[in-house]
Chemist: 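Below are the structure tokens for one structure; questions will follow.
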Amino acid sequence: QMITRSFTQLSRITVSTVPSTSHALPTVLSRGYCGKINNCWSCLTCKNSRSNLFCDKCGQLQPPSKVNLFEYVGMTPQFDIDEMAVKRRLIQLSAKIHPDKFSTASQQEKDLSEEHTRLVSTARSMLSDPVKRSRYLIQLSKGDKQIHVEDDDVQSKETFSPEVLMEIFELNERVEDATSEKEKEEILNEIGDEKREIEKRITNAFNGKKIEEAEKETSKLAYLMSIKKRLLNSIRG
């Protein structure tokens with residue numbers, strides 16, 4: 001009973017009753033310090049959400065959260081996304097963290113603004129491109145949860161199995177032999193149809209957690225997109 005009464009008394013101690021021998025402790029406690037890395041760098045308030053851009057208490061811009069690019073944009077990690085919705089969210093993010101808005105801010109906030117801006121640029125590149133988006137999801141499925149600021153060209157690093165190369169060998173030949181605009185437009189339409197079919201298979205593979213199948217189909221899609229790019233360049237001269 002003595003222990004119980006003592007614990008009850010201790011639990012009623014407020015910030016104002018903390019002995020004055022520690023001057024920093026009352027200040028930290030009154031700001032809601034939670035003893036974790038997700039405290040506001042400026043006022044030390046414990047943030048309610050790891051995806052908040054700004055501190056709820058002091059309004060200062062916060063460092064990017066340790067989340068993936070989908071979560072950073074505010075979306076569920078998945079291949080089948082609304083690309084226009086992604087574009088709108090990125091525009092909204094850019095408007096909030098653009099360096100021009102922090103021209104008179106502290107150097108800390110200027111640096112954070114530039115860091116966020118780089119991440120928005122990376123998210124735009126990675127999530128708007130179906131090949132890069134798929135590769136990124138495969139990366140996440142293998143345990144890599146970090147946001148990567150590197151904007152690597154996935155297609156330039158792509159390797160393909162002999163089976164995939166054989167599948168599209170005929171298409172490559174047709175592209176090489178196409179001379180008229182009509183022929184090229186027909187091939188572009190076929191590529192568009194095939195792209196949609198591959199994307200459906202990629203979506204189904206991710207939904208079924210068949211990562212190897214998703215990788216295989218992504219390789220096909222990457223190669224198809226490289227052919228489309230080459231064909232468009234020939235049309236544009």
Side-chain angles (χ1 to χ4, degrees), residues 68-70 72-95 118-141 148 150-237:
N68 62 59
L69 289 172
F70 289 93
Y72 179 74
V73 177
M75 304 188 73
T76 302
Q78 60 185 33
F79 179 74
D80 187 18
I81 62 174
D82 184 342
E83 293 185 4
M84 289 304 298
V86 172
K87 184 177 180 180
R88 287 193 296 270
R89 294 191 185 199
L90 288 170
I91 290 174
Q92 292 169 355
L93 271 175
S94 296
R118 288 193 296 270
L119 285 174
V120 168
S121 177
T122 300
R124 180 180 293 109
S125 174
M126 296 291 285
L127 303 185
S128 299
D129 184 299
V131 174
K132 293 182 180 182
R133 183 167 68 247
S134 182
R135 285 298 183 199
Y136 186 59
L137 280 169
I138 292 169
Q139 168 194 316
L140 293 176
S141 73
H148 294 280
E150 294 85 358
D151 187 11
D152 293 327
D153 186 348
V154 176
Q155 295 177 15
S156 68
K157 293 184 174 183
E158 192 61 78
T159 57
F160 309 100
S161 66
E163 293 80 6
V164 172
L165 290 174
M166 286 299 294
E167 267 185 46
I168 56 179
F169 179 73
E170 182 181 344
L171 179 59
N172 249 325
E173 283 193 326
R174 289 181 58 199
V175 171
E176 292 292 339
D177 295 338
T179 55
S180 69
E181 295 298 315
K182 182 179 179 180
E183 286 179 302
K184 294 178 182 179
E185 290 293 340
E186 288 177 354
I187 296 174
L188 279 177
N189 290 334
E190 291 179 23
I191 288 176
D193 293 339
E194 181 63 18
K195 175 178 178 289
R196 285 185 286 273
E197 290 301 315
I198 294 176
E199 288 178 341
K200 288 179 184 178
R201 294 198 293 270
I202 292 175
T203 297
N204 292 335
F206 278 121
N207 290 343
K209 301 186 184 303
K210 299 176 180 178
I211 305 304
E212 289 186 5
E213 186 66 24
E215 286 185 287
K216 178 181 177 182
E217 295 297 333
T218 302
S219 293
K220 293 179 184 179
L221 182 60
Y223 201 88
L224 193 67
M225 291 301 93
S226 69
I227 294 177
K228 179 181 178 180
K229 182 178 180 180
R230 183 156 51 88
L231 191 56
L232 286 172
N233 288 338
S234 70
I235 292 175
R236 293 166 183 165

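Just so we're clear, the structure is a prediction, and the values are computed from it rather than from any experiment.
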Chemist: Give a yes or no answer on whether the side chain of S125 reaches the backbone of S121 with a donor-acceptor pair at less than 3.5 Å.
Modeler: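 Looks like no, no N/O pair under 3.5 Å.
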Chemist: Looking at every non-hydrogen atom in both residues, tell me the closest pair between P130 and E199 and how far apart they are.
Modeler: CB-OE2, 3.5 Å
Chemist: Mind listing the closest non-hydrogen atom pair of R124 and L90 along with its distance?
Modeler: CA-CD1, 3.5 Å
Chemist: So, do L221 and E217 sit near enough that their side-chain heavy atoms are less than 4.5 Å apart?
Modeler: no
Chemist: Restricting to non-hydrogen atoms, name the atom on L140 and the atom on N68 that form the minimum distance, rounded to 0.1 Å.
Modeler: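 What the structure gives for the nearest pair is CD2-CB, 3.8 Å.
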Chemist: Would N233 and K229 count as a side chain to side chain contact (heavy atoms under 4.5 Å, CB included) here? Give the steps.
Modeler: CA-CA 6 Å; N233 288 338; K229 182 178 180 180; 4.1 Å; yes
Chemist: Should I235 and E185 count as side-chain neighbours, where that means a heavy-atom distance under 4.5 Å?
Modeler: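 Yes, at least one pair of side-chain atoms sits under 4.5 Å.
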Chemist: Verify the distance criterion only: is there a donor paired with an acceptor across the side chains of T218 and R201 at less than 3.5 Å?
Modeler: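 No pair is found: no donor N or O on one side chain lies under 3.5 Å from an acceptor on the other.
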Chemist: Could you tell me whether the side chain of F79 reaches within less than 4.5 Å of the side chain of N207, counting heavy atoms only?
Modeler: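 Contact flag for N207/F79 side chains = no.
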Chemist: Check this for me: E212, atom CD, are more than 12 non-hydrogen atoms of other residues, nucleotides or ligands nearer than 6.0 Å?
Modeler: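 It does not: E212 CD has 12 such atoms or fewer within range.
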Chemist: Report yes or no: do Y136 and D129 form a side-chain donor-acceptor pair below 3.5 Å?
Modeler: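 Checked: Y136/D129 side chains show no N/O donor-acceptor pair below 3.5 Å.
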Chemist: Locate the shortest heavy-atom distance separating S134 from I202; write the atom from each residue and the value.
Modeler: OG-CG2, 3.8 Å
Chemist: Flag yes if more than 12 heavy atoms outside K210 fall under 6.0 Å of its NZ atom; otherwise flag no.
Modeler: no
Chemist: As an exercise, state the distance from NZ of K184 to CG of N189, rounded to the nearest 0.5 Å.
Modeler: 14.5 Å
Chemist: Would you check, one step at a time, whether the test side chain to side chain contact (heavy atoms under 4.5 Å, CB included) holds for S234 with E181?
Modeler: CA-CA 10 Å; S234 70; E181 295 298 315; over 6 Å; no
Chemist: Consider side-chain contact (heavy atoms from CB on, under 4.5 Å). Of K195, E194, K200, which one does I198 pass it with?
Modeler: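 In the set K195, E194, K200, the residue that makes a side-chain contact (heavy atoms from CB on, under 4.5 Å) with I198 is E194.
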Chemist: Closest approach of Q78 and L137, non-hydrogen atoms and distance?
Modeler: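 The answer is C-CD1, 3.4 Å.
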Chemist: For the atom pair CG (D177) and CG (N172), what is the distance rounded to the nearest 0.5 Å?
Modeler: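 It is 10.5 Å, given to the nearest 0.5 Å.
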Chemist: With heavy-atom distances below 4.5 Å as the criterion, would you say the side chains of I191 and L171 are in contact?
Modeler: yes
Chemist: Work out which heavy atom in A205 is nearest to a heavy atom in A214; give both atom names and the distance.
Modeler: CB-N, 3.7 Å
Chemist: Would you call M75 and L69 a side-chain contact if the rule is heavy atoms closer than 4.5 Å?
Modeler: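 Side-chain contact under 4.5 Å: no.
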Chemist: At what distance, to the nearest 0.5 angstrom, does CG of L224 lie from CD of E190?
Modeler: 10.5 Å
Chemist: Looking at side-chain heavy atoms only, is the closest gap between I227 and R230 below 4.5 Å?
Modeler: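 Yes, their side chains come closer than 4.5 Å.
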Chemist: F70 versus M126: any side-chain heavy-atom pair under 4.5 Å?
Modeler: no
Chemist: Any chance you could measure F206, atom CZ, to E213, atom CD, to the nearest 0.5 Å?
Modeler: 11.0 Å
Chemist: Any non-hydrogen side-chain atom of I91 less than 4.5 Å from a side-chain atom of K87?
Modeler: yes
